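For reference, the structure is listed below as structure tokens.
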Amino acid sequence: QVQLVESGGGLVQPGGSLRLSCAASGSIFSIKSMGWYRQAPGKQRELAATITEGGWPNYADSVKGRFTISRDNAKNTVYLQMSSLKPEDTAVYYCNVYVLTRDYRYLEVWGQGTLVTVSS
């Protein structure tokens, strides 16, 4: 069993910054990948950014150059530093983790979501 704890969402003005974090815990042997997806009102969930176990990042074109994803393997935590925020970044952001458990099962786990609102 794996649990995710997300934090960092809130209200910010256009051009501002926020830092999201997601900490994984439980029966973890290793985390293959971690990332963030987002779902805006009335829209489908979409990829924002992911990062591999080796630290290789992948970004959606819409956030490239503004968002930075990173991870701390010792803490099983992924971060999303969001800068130059735009109103269209408003969404519920969901942490996603692909993990190998201690009993050698692969699990994809979703967080409960944290709301980011960009508005003046």
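Computed from a predicted structure; not experimentally measured. Along the sequence shown, the residues carry numbers beginning at 1.
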Any idea which heavy atoms bring Q112 and L4 closest together, and the distance?
-> OE1-O, 3.8 Å
Would T117 and T90 count as having a side-chain donor-acceptor pair, cut-off 3.5 Å?
-> no
Within the side chain of Q13, is there an N or O that forms a donor-acceptor pair under 3.5 Å with the backbone of S119?
-> no
Heavy-atom nearest pair, S17 first then S84, reads OG-N, 4.4 Å
What residues, two or more places apart in sequence or in another chain, satisfy side chain to side chain donor-acceptor pair (under 3.5 Å) together with R45?
-> none
Tracing side-chain contacts under 4.5 Å among Ile, Leu, Val, Met, Phe, Trp and Tyr outward from Y37 reaches L47, V92, Y94, W110, L115
Measure the CE-CG distance between M82 and L18 for me, rounded to the nearest 0.5 Å.
-> 4.5 Å
Residues pairing under salt bridge (charged side-chain N to carboxylate O under 4.0 Å, His left out) where one sits in residues 33-44, two or more places apart or in two chains, turn out to be R38-E46, R38-D89
Tabulate below the donor-acceptor pairs under 3.5 Å that side-chain atoms of residues 26-33 make, not counting sequence neighbours, or state none.
none

Report the residues that fulfil side chain to side chain donor-acceptor pair (under 3.5 Å) with Q44, sequence neighbours left out, ordered by chain and then residue number.
-> none
With sequence neighbours excluded, give me every disulfide bond (SG atoms under 2.5 Å apart) pair touching residues 38-120.
-> C22-C95
Those residues at least two apart in sequence (or on a different chain) that pass side-chain contact (heavy atoms from CB on, under 4.5 Å) with L107 are V2, V99, T101, R105, V109
Name all residues meeting the side chain to side chain donor-acceptor pair (under 3.5 Å) criterion together with T114; count only those two or more places apart in sequence or in a different chain, and write none if there are none.
-> none
Keeping to residues at least two apart or across chains, list the ring-ring contact (aromatic ring centres under 6.0 Å, His included) pairs with something in residues 44-72.
-> none
Distance-only donor-acceptor hits, side chain of residues 72-81, under 3.5 Å, sequence neighbours excluded:
| unit_1 | atom_1 | unit_2 | atom_2 | d |
| --- | --- | --- | --- | --- |
| D72 | OD1 | A74 | N | 3.1 |
| D72 | OD1 | K75 | N | 3.4 |
| T77 | OG1 | K75 | O | 2.9 |

Sequence neighbours left out, what pairs pass disulfide bond (SG atoms under 2.5 Å apart) with at least one residue falling in residues 42-81?
-> none
Among all residues two or more places apart in sequence or in another chain, which pass the side chain to side chain donor-acceptor pair (under 3.5 Å) test with T68?
-> none
Least distance between heavy atoms, L85 atom then R66 atom = CA-NH1, 3.9 Å
Within a strict 4.5 Å, meaning less than it, do heavy atoms of the P14 and P87 side chains meet?
-> yes
